[in-house]
Amino acid sequence: LEMLGARRDILDQPAFFNVVVNARAVYRNKKGHWEAVFSAGAGGSKKNGSRMTMIYIPPGEFAMGLKWETGGAEDESPQHRVNLNGYWIGKFEITFDQYDFFCIETNKKQLLSDRGRGRGSRPVFGVTWSMSQEYCQWLSRSSGLVFRLPTEAEWEKAARGTDARRYPWGEALPDCEKANFDRCVGDTDAVDMNPAGASPYGVMGMSGNVWEWTSDWYASDTYQSHTA
């Protein structure tokens, strides 16, 4: 990895190293950030539902939230600086393939309904916070790594980077090339369908398609009471 340009201070971080040594493949993506691919499930299955791609978000500060004067809502202002350790986050939203694989591996009585919208590489929906936690716990057991939902701060840094941009791709208003929203396709779409909307780190689907869970409990005054 040093030959591929990984800094020694990054290699020495357990959060980075533990994922890398368990991965099937490690490489730099088109935006220059580290990606790791591995399989979860019995025997390290190579089925579509078992494969997971993670992106490493390096440590450091970023601007969280929006400023009042730029249209920040009451529950996302004031903008403030947050310093995070390095961490990994999924490159894509969890798909029906992946969640179906989990249901089969854990002997669920039935698969989650797609309500006629389609399964496969479309993002799974209708998953509660508790169901998301159960999925993370299963991933941890089956992979030998520690999986959890990201905090709101971790999710936002992965989506926006460190330059305080408004959207994952920058300041330009959303369009159907960058995100699936409104009447772009009229429904959910495959998780890899909007590469133009990738975040500065290469994380996909951080705007549009489906809502995503974080580990935090919601409070309308969080930004006012916690500014560090």
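As a basis for the values below, the full set of heavy atoms in this structure was taken, side chains included, without hydrogen atoms, waters or symmetry mates.
A donor-acceptor pair is defined here as one N or O able to donate and one able to accept, closer than 3.5 Å; such a pair exists between the side chain of Tyr87 and the backbone of Glu154. Under the 3.5 Å distance criterion, the side-chain polar atoms of Glu156 are left unmatched by any main-chain donor or acceptor of Ala153. With hydrogens and angles disregarded, a donor-acceptor distance shorter than 3.5 Å links the side chain of Asn29 to the backbone of Tyr201. Judged by distance alone, the side chain of Glu61 and the main-chain N or O of Asn83 form no donor-acceptor pair under 3.5 Å. Between the side chain of Arg160 and the backbone N or O of Arg165 there is at least one donor-acceptor pair closer than 3.5 Å. Using a distance-only test at 3.5 Å, with no hydrogens or angles considered, no donor-acceptor pair links the side chain of Asn194 to the main chain of Ala196. A side-chain donor-acceptor contact under 3.5 Å links Arg122 to the backbone of Arg117. Under the 3.5 Å distance criterion, the side-chain polar atoms of Ser199 are matched with a main-chain donor or acceptor of Ala158. Side chain of Thr53 to main chain of Val37: no donor-acceptor pair is present (N/O by atom type, distance under 3.5 Å, no hydrogens or angles). Judged purely by atom type and a 3.5 angstrom limit, Trp129 uses its side chain to pair as donor or acceptor with the backbone of Thr214.
For Tyr99 and Phe96, the ring centers sit 6.0 Å or farther from each other. Taking the six-membered ring wherever Trp is involved, the centroid distance between the rings of Phe181 and Tyr167 does not fall below 6.0 Å.
With Phe147 as the fixed residue, the ring pair (Phe, Tyr, Trp, His ring centres under 6.0 Å) test singles out one of Trp88, Tyr135, Phe38: Phe38.
Put simply, the side chain of Ile104 reaches to within 4.5 Å of the side chain of Leu111, judged on heavy atoms. No side-chain heavy atom of Tyr218 sits under 4.5 Å from any side-chain heavy atom of Glu152. For the pair Lys31/Ile55, no side-chain contact is recorded, criterion being any heavy-atom separation below 4.5 Å from C-beta on. Side chains of His33 and Pro58 form a contact here, defined as non-hydrogen atoms less than 4.5 Å apart.
Using modelled atom types, one finds a donor on one side chain and an acceptor on the other under 3.5 Å when comparing Glu212 with Trp155.
Between Arg141 and Glu105 no salt bridge is recorded (no basic side-chain N to carboxylate O distance below 4.0 Å). A salt bridge links Asp100 with Arg119: the closest approach of a Lys/Arg side-chain nitrogen to an acidic carboxylate oxygen falls below 4.0 angstrom.
Atom SG of residue Cys176 and atom CZ of residue Arg183 lie 11.5 Å apart, to the nearest 0.5 angstrom. Remark: Arg51 CZ to Phe92 CZ distance equals 11.5 Å, nearest 0.5 Å.
Taking both residues in full, the closest heavy atoms of Gly208 and Glu93 are given as O-OE2, 3.8 Å, listed atom of the first, atom of the second, then distance.
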